[in-house]
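Written below as structure tokens is the structure these notes are about.
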Amino acid sequence: MRFKRTWNKKFGKSEIFTKENSACQKIEIDMVRLADKEQKKYNETGKEYGLVILGGKCSVEGEEFAFQNIGRRKDVFDGAATCVYIPKDRSFTIMGEGEVSIAVCKSPAKEDFQPILINAEDVIIKELGKPGWERQAHFILDERTPANMIYIGEAYVKGGQWASYPPHKHDDDNMPTEAETEEIYYYEFKKPQGFGIQKVYTLEGDIDETYTVKSGDFVEIPRGYHPFHAAPGYDNYYLWIMAGENRGFFMTTDEDHKWLNG
């Protein structure tokens, strides 16, 4: 199965990953782009949502909640994200307050929680890595937000740097060392011609994929190691959506490259 997809950035709702078309079964993603006052309604059962505003403003209203005129950045390179967590079995409507682009991330849900607005100032920002694989990680919908499976953040990678490096994986249920967690990346580059390289591989060799990624591309990671490299000169952003029973960074490093952590 090919793990790469592309969003054409057209207005309306684009269903990028669904259970029916994806190797990942714990994550589904729609990309929603709305004009001013345009609306999109959701009424799906058994799913929780993380709505990450990529750029622009919107209002999100549903059963017993209303978040009005939210969103602070003009695009993904303009500061930290605003996000809305919506628990299972809640219908809701998104309305553009001016033009807006949103990643609508979904995961299966059994327990019910409360809708939560995560503002830009709530995002935890950390500098991670060492020279050669430095990046800025933004933790958005993380352990602080009660949820079933969904776990969301963003990363900023300078041109010429690696991320998700040394290569790590999180596909075995071996807590507390490693969790069985699926993941999907969505990429943007600061320059329109920017590009990077995404690998997905397993030690067994049944998965060994390498993709050139540009703005608007996705790569799903049902399992395996998944290092990424931003081409020199092209600063990168990627949205990461993880889902699993154990929410958090529970992962192991490829043994061949573990020495790099020393």
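Note: hydrogens, waters and symmetry copies are ignored here, and every other heavy atom, side chains too, is used.
Side-chain atoms of H170 do not come within 3.5 Å of backbone N or O of H168 as any donor-acceptor pair. In this structure, the side chain of D254 engages the main chain of D256 through a donor-acceptor pair within 3.5 Å. Judged by distance alone, with hydrogens and angles left aside, the side-chain atoms of R73 form a donor-acceptor pair with the main-chain N or O of I53 at under 3.5 Å. Checked by atom type and distance alone, the side chain of N21 pairs as donor or acceptor with a backbone atom of T18 at under 3.5 Å. One N or O on the side chain of R247 and one on the backbone of D142 form a donor-acceptor pair closer than 3.5 Å.
F92 has its ring centre no less than 6.0 Å from the ring centre of F65. Ring pair Y185/F218: centre-to-centre distance not below 6.0 Å. Aromatic ring centroids of W240 and F249 lie under 6.0 Å apart. Between F189 and Y234, a ring centre-to-centre spacing not shorter than 6.0 Å is recorded.
Taking the side chain as every heavy atom from C-beta outward, I102 and C58 approach each other to under 4.5 Å. Y187 has its side chain within reach of V219: a pair of non-hydrogen atoms, C-beta onward, lies under 4.5 Å apart.
Annotation: side-chain contact (heavy atoms from CB on, under 4.5 Å) contacts of H229 (sequence neighbours excluded): W162, P232.
Here Y201 sits in one hydrophobic cluster together with L203, Y225; the rule is ILVMFWY side chains under 4.5 Å apart, joined directly or through other members.
Smallest separation of non-hydrogen atoms from G196 and F228: CA-CE1, 4.0 Å.
Using cut-offs of 30° and 60° on the angle between ring planes, the pair Y49 and Y42 is perpendicular.
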